[in-house]
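Data block below; observations after.
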Protein chains: 2
Amino acid sequence: MVASLHSFKHDIFRALLIEARKDAQLTQVQLAEKLNIPQSFVSKYERGERRLDFTEFIEIADLLGIDTSLFIANYKIKITGYLTPIN
Amino acid sequence: MVASLHSFKHDIFRALLIEARKDAQLTQVQLAEKLNIPQSFVSKYERGERRLDFTEFIEIADLLGIDTSLFIANYKIKITGYLTPIN
DNA sequence: GAATGATAACCTGTTTTGGGATATTTTGCA
DNA sequence: TGCAAAATATCCCAAAACAGGTTATCATTC
């Protein structure tokens with residue numbers, strides 16, 4: 001493990017985040033304002049220049065109206081090709 | 001936002017992770033072996049010396065048999081005092 | 001109370017980050 | 001089509017976080 005910034009998994013993760021922001025009809029600037037962070041921060045994590053830890057992800061997910069269960073299910077499907085059992 | 005390593009949120013997050021590892025009956029060494037990382041890595045993230053990004057969390061959660069939906073629900077409850085609507 | 005097991009702390013060179021400023025790209029409309 | 005405005009990416013670099021093997025400390029058991 002030890003996530004390398006530019007792994008396949010991160011690519012999937014970032015794509016899902018970008019999609020979620022667009023679904024929420026927010027620009028990076030608008031999202032940044034809601035989060036009280038600079039726009040470059042949003043740009044960075046969307047491009048994989050900076051990682052998001054768990055707590056940050058939850059915070060952003062809430063603001064974007066992301067259903068985390070669904071989000072994670074989609075993430076796992078895209079990662080593995082199928083839905084991982086249990087979780 | 002911008003998660004400070006030793007925030008209240010991280011404290012909750014780490015406590016849940018430690019609890020999950022113990023529920024899974026694994027020592028840090030055993031978990032580390034499964035993840036192919038040093039024990040000090042596990043120790044670090046459990047003590048908040050190192051953050052876990054989203055992809056790492058999912059990987060660990062899978063190994064620990066964590067139900068991520070439940071985990072996140074618990075996290076949110078402990079963070080806010082109540083369950084956040086939608087997500 | 002010694003051995004074993006489990007976790008924390010150390011050390012230090014390397015990598016990541018923060019965020020304001022600036023550049024580049026994209027969009028949309030006259 | 002041409003351009004202004006909007007949106008996003010890139011720069012910069014000091015400061016902070018990380019990696020991971022090694023060692024120390026704490027806990028458990030007999």
Side-chain angles (χ1 to χ4, degrees), chain A residues 1-66 71 75 78-79, chain B residues 1-66 71 75 78-79:
Chain A
M1 80 153 353
V2 173
S4 44
L5 229 4
H6 280 296
S7 66
F8 173 65
K9 290 183 176 181
H10 275 97
D11 291 344
I12 300 295
F13 176 59
R14 296 187 292 107
L16 287 171
L17 278 177
I18 293 173
E19 184 184 9
R21 176 173 59 77
K22 292 188 172 167
D23 285 350
Q25 313 242 53
L26 291 175
T27 65
Q28 291 185 349
V29 170
Q30 295 172 315
L31 176 56
E33 282 169 353
K34 292 197 178 204
L35 291 166
N36 262 297
I37 54 173
Q39 169 268 330
S40 58
F41 182 102
V42 177
S43 172
K44 282 182 178 179
Y45 77 66
E46 287 194 350
R47 286 178 306 106
E49 192 184 321
R50 195 242 193 233
R51 288 181 291 171
L52 282 186
D53 73 12
F54 178 83
T55 66
E56 294 171 329
F57 164 68
I58 294 296
E59 199 167 332
I60 292 173
D62 274 347
L63 272 178
L64 292 180
I66 288 176
F71 185 97
Y75 168 75
K78 296 197 174 186
I79 288 300
Chain B
M1 76 150 2
V2 172
S4 43
L5 227 5
H6 280 296
S7 66
F8 171 66
K9 289 182 176 181
H10 276 97
D11 292 344
I12 300 296
F13 177 59
R14 296 188 292 108
L16 286 171
L17 278 177
I18 293 173
E19 184 185 7
R21 176 174 58 78
K22 293 188 172 168
D23 285 350
Q25 312 243 51
L26 291 176
T27 64
Q28 291 185 348
V29 170
Q30 294 173 316
L31 177 55
E33 281 169 355
K34 292 196 178 206
L35 292 166
N36 264 296
I37 54 173
Q39 168 269 332
S40 57
F41 182 101
V42 177
S43 172
K44 280 182 179 178
Y45 78 66
E46 287 194 351
R47 286 177 305 106
E49 193 183 320
R50 200 258 195 211
R51 289 181 291 168
L52 284 185
D53 74 11
F54 179 83
T55 66
E56 294 171 328
F57 165 68
I58 294 296
E59 199 167 331
I60 292 174
D62 274 346
L63 272 178
L64 293 180
I66 288 176
F71 185 97
Y75 169 76
K78 296 197 175 187
I79 288 301

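All chains are named by letter (A, B, ...) in the order of the sequence lines, taking the proteins before the strands, and each is independently numbered beginning at 1.
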Between CD of A:E46 and C1' of D:dA9 the distance, given in whole Å, is 11 Å
In whole Å, I'd like the distance from the CD atom of B:E49 to the C1' atom of D:dA16. 13 Å
Looking at B:S43, is its backbone amide N or carbonyl O close enough to the side chain of B:E46 to form a donor-acceptor pair, meaning the two atoms are under 3.5 Å apart? no
Describe the nucleic acid contact of B:T27 in one word from base, sugar-phosphate, nothing, applying a heavy-atom distance below 4.0 Å. sugar-phosphate
Specify the separation, in whole Å, of atom CD of B:Q30 and atom P of C:dT7. 9 Å
Quick test of your reading of the model: are A:R51 and A:E56 salt-bridged, counting only N-O distances below 4.0 Å? no
Nucleotide D:dC11, atom C1' - distance to NZ of A:K44 in whole Å: 9 Å
What is the distance, to the nearest angstrom, from the CD atom on B:Q39 to the P atom on D:dG21? 11 Å
Relative to each other, are the rings of B:F54 and A:F71 parallel, tilted or perpendicular (30° and 60° limits)? perpendicular
Rounded to whole Å, please give me the gap between CG in A:D53 and C1' in C:dG18. 15 Å
Does C:dG18 have its OP1 or OP2 closer than 4.0 Å to a side-chain nitrogen or oxygen of A:R50? yes
Electrostatic pair A:E59-B:K9, nearest N-O below 4.0 angstrom: yes
Here the distance between atom C1' of C:dA6 and atom CD of B:Q28, to the nearest Å, is 7 Å
Considering the options A:Q28, A:Q39, A:R50, which one meets the side chain to side chain contact (heavy atoms under 4.5 Å, CB included) requirement together with A:K44? A:R50
Taking 4.0 Å as the cut-off, does a side-chain nitrogen or oxygen of A:S43 come that near to OP1 or OP2 on D:dA9? yes
Using OP1 and OP2 only, check whether a side-chain N or O of B:R47 sits under 4.0 Å from C:dA9. yes
Distance test, side-chain N/O of A:R51 to OP1/OP2 of C:dT15, below 4.0 Å: no
Among the nucleotides D:dG21, C:dT7, D:dT10, which one has an atom lying closest to any side-chain atom of A:S40? D:dT10
Assuming nearest nucleotide by heavy-atom distance, tell me which of B:L26 and A:P38 is located more 5' along DNA chain C. B:L26
Could you tell me how far apart B:Y45 (OH) and C:dA9 (P) are, to the nearest whole angstrom? 16 Å
